[in-house]
Enquirer: 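What follows is a single structure, and I will ask about it in a moment.
The first residue in the sequence is number 1, and the count goes up from there. Whatever order the structure lists ligands and atoms in, that order sets their numbers, starting from 1. Computed from a predicted structure; not experimentally measured.
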Amino acid sequence: MNVSIIGTGYVGLSTAAGLASKGHRVICVDKDPSKINAVKAGKSHFYEEGIEEALAMALSKGLLEATMDTAYAVKNSDITFICVGTPSDDSGKINLDYIKDASAEVGIAMKGNQGHVVVVKSTVVPGTTETVILPILQKYSKNFGLCMNPEFLREGKALEDFLHPDRIVVGELDRKSGDALSKLYEGFGAPVIRTKLSAAEMIKYASNVFLASRISMINELGNICKKLGIDVYDVANAIGRDKRIGPHFLEAGAGFGGSCFPKDVSALQHRAEEIGCETGMMEQILKTNASQRRVLVELLKKKTSIKGKKIAVLGLAFKEDTDDIRESPAIDIIEMLKKEGASVYAYDPKAADNMKRIYPEVTYCSVADALKDAEACLILAKWKEFSSLTDRDFAAMKGRIIIEAKKVLDASKVKDFEGICW
Ligand code: UDX
């Protein structure tokens with residue numbers, strides 16, 4: 001099929017690369033010329049495993065184009081995915097400015113077309129597609145289809161998740177729209193769940209709120225375990241084997257970050273409050289998440305005074321395998337360390353340049369330079385390369401305080417380290 005995709009963020013670009021690798025013809029649209037030029041050269045403006053290889057392959061097969069011209073993209077496709085950002089404002093409320101603009105442009109471009117299908121992939125609170133986006137499209141066009149197709153793509157694994165989904169959710173305005181989108185997903189080998197538009201929107205939030213709740217729960221249990229001298233990972237391993245619980249998202253650490261969990265919990269909470277629903281659980285998910293970052297610094301302060309000391313911070317991205325630092329635990333932890341008068345030396349394989357924009361005063365260096373003469377080392381993201389660190393690397397430190405957020409160090413190579421929750 002011929003597909004156009006508005007927005008070349010990690011969702012838009014992963015969707016483009018994934019659909020092209022399934023043989024569909026894809027046209028990417030973005031307002032930023034540098035992002036369009038990057039796609040034309042088979043490059044991604046962010047780090048994502050396998051994406052550049054997939055883009056290059058799609059270009060070489062003539063299955064991928066990139067343009068700033070929405071009208072051209074819509075006119076030369078059967079289906080248009082809207083994948084623009086829906087950030088939160090300071091109160092947590094979702095900001096729909098970008099998606100409204102994109103919808104108007106698509107609506108204008110569809111004028112005179114028959115049977116074009118618009119698919120909202122951006123995360124929007126329940127009701128938005130029908131009550132906000134549909135009227136905008138209708139202002140300019142008639143006879144189009146409309147679907148809401150939430151994404152469940154983990155950064156760092158977005159392409160893999162796109163190509164091997166657990167399920168595909170097709171929210172549809174009408175049967176015909178849903179049939180067209182379901183056809184595009186034929187051959188993905190995943191169940192297609194068809195719902196009304198608002199249910200599809202809710203499924204996305206419910207997934208992320210639920211996953212976020214597991215993380216806050218395991219972190220709270222982890223803090224109790226730590227006080228009782230229990231390794232919460234032993235506990236997680238055992239409870240995760242109960243089929244009713246399952247093994248995923250039970251890794252205790254410094255709390256969740258990223259572009260989705262914090263924003264999605266806040267946005268649903270905000271919407272729920274608007275319609276008079278209690279959101280005590282969601283409030284607590286965020287509270288527990290915020291305090292988990294403090295738990296790490298408190299643990300460090302119990303062991304040593306950090307004023308004037310060199311502290312090595314390894315791992316700045318909100319998690320491994322990405323250069324994204326949005327809502328990263330490292331941001332809050334560095335802030336706390338700075339307030340306590342520590343001198344921070346930081347390393348991340350991909351995210352250091354992004355963190356430099358927030359904290360230019362931090363020293364960004366290699367692992368060896370960060371560890372040399374450091375009083376303590378905090379390992380905040382689970383980058384694979386940290387698992388090959390050995391006692392030899394840590395011998396360069398002045399003190400011997402090593403605290404990791406999630407389990408990453410290899411206990412057979414490193415003695416005397418601990419985690420936030422074990
Ligand atoms: C998430 C969702 O998983 C994805 O389906 C969605 O649509 C986009 O948001 P992402 O934010 O990329 O993906 O990362 P994910 O792997 O889900 O992790 C989110 C955060 O939770 C990270 O900070 C991660 O370190 C943390 N986490 C995850 C834990 O602390 N413990 C866990 O067990 C799992």
Enquirer: Ring centres of Phe417 and Phe394 under 6.0 Å apart?
Expert: no

Enquirer: Counting only heavy atoms, tell me which of Ala236, Pro329, Gly257 gets closest to atom 23 (O) of ligand 1.
Expert: Gly257

Enquirer: Can you tell me which residue and heavy atom of the protein come closest to atom 24 (C) of ligand 1, and the distance to 0.1 Å?
Expert: Lys406 NZ, 3.7 Å

Enquirer: Could you tell me, atom by atom, which parts of ligand 1 come under 4.0 Å of a heavy atom of Leu250?
Expert: 33 (O)

Enquirer: Do Tyr364 and Asp353 pair up side chain to side chain, a donor and an acceptor below 3.5 Å, judged on atom types alone?
Expert: no

Enquirer: Do me a favour and list the nearest non-hydrogen protein atom to atom 19 (C) of ligand 1 with residue, atom name and distance?
Expert: Phe261 CE2, 3.6 Å

Enquirer: Is a donor from one side chain sitting under 3.5 angstrom from an acceptor on the other, for Glu48 and Ser44?
Expert: no

Enquirer: Does Glu278 have more than 12 heavy atoms from other residues, nucleotides or ligands lying within 6.0 Å of its CD?
Expert: no

Enquirer: Would you say Phe318 has any N or O atom under 3.5 Å from an N or O of ligand 1, going by distance alone?
Expert: yes

Enquirer: Give the atoms of ligand 1, by number and element, whose distance to some non-hydrogen atom of Tyr10 is under 4.0 Å.
Expert: 8 (C)

Enquirer: For Glu130, look at atom CD and say whether over 12 heavy atoms of other residues, nucleotides or ligands are found less than 6.0 Å away.
Expert: no

Enquirer: For Thr129 and Val120, work out which heavy atoms get closest and say how close.
Expert: CG2-CG2, 3.9 Å

Enquirer: Any idea which protein heavy atom is nearest atom 13 (O) of ligand 1, and the distance to it?
Expert: Arg154 CA, 3.6 Å

Enquirer: Distance only, no hydrogens: is a donor on one side chain within 3.5 Å (strictly under) of an acceptor on the other, for Asp174 and Ser177?
Expert: yes

Enquirer: Going by the atom numbers of ligand 1, which of them fall below 4.0 Å from some non-hydrogen atom of Cys260?
Expert: 8 (C), 9 (O)

Enquirer: Quick check on contacts: which atoms of ligand 1 are under 4.0 angstrom from a heavy atom of Glu151?
Expert: 7 (O)

Enquirer: Tell me, which protein residue and heavy-atom name are nearest atom 27 (N) of ligand 1, and how many Å apart are they?
Expert: Ile215 CD1, 3.4 Å

Enquirer: State whether a side-chain donor-acceptor pair under 3.5 Å links Ser4 with Ser77.
Expert: yes

Enquirer: Among protein heavy atoms, which lies nearest atom 4 (C) of ligand 1, and at what distance?
Expert: Leu153 O, 3.6 Å

Enquirer: Considering only the protein, which heavy-atom contact is closest to atom 17 (O) of ligand 1, and what is its distance?
Expert: Phe249 CZ, 3.3 Å

Enquirer: Quick check on contacts: which atoms of ligand 1 are under 4.0 angstrom from a heavy atom of Glu155?
Expert: 10 (P), 12 (O)

Enquirer: Cation-pi check, Lys121 to Phe81: give yes when NZ or CZ is under 6.0 Å from the six-membered ring centre and within 45° of the ring axis, no otherwise.
Expert: no

Enquirer: Against heavy atoms of Phe152, which atoms of ligand 1 measure under 4.0 Å?
Expert: 4 (C), 5 (O), 7 (O)

Enquirer: Identify the closest protein heavy atom to atom 31 (N) of ligand 1: which residue and atom is it, and at what distance?
Expert: Glu251 O, 2.9 Å

Enquirer: Which ligand 1 atoms does Lys204 reach within 4.0 Å, using its non-hydrogen atoms?
Expert: 6 (C), 7 (O)

Enquirer: Can you report which non-hydrogen protein atom sits closest to atom 16 (O) of ligand 1, along with the distance?
Expert: Lys319 NZ, 3.0 Å

Enquirer: Is any side-chain heavy atom of Cys277 less than 4.5 Å from a side-chain heavy atom of Gln269?
Expert: no

Enquirer: Could Lys338 and Tyr359 be counted as a cation-pi pair, given that NZ or CZ must be under 6.0 Å from the ring centre and within 45° of the axis?
Expert: no

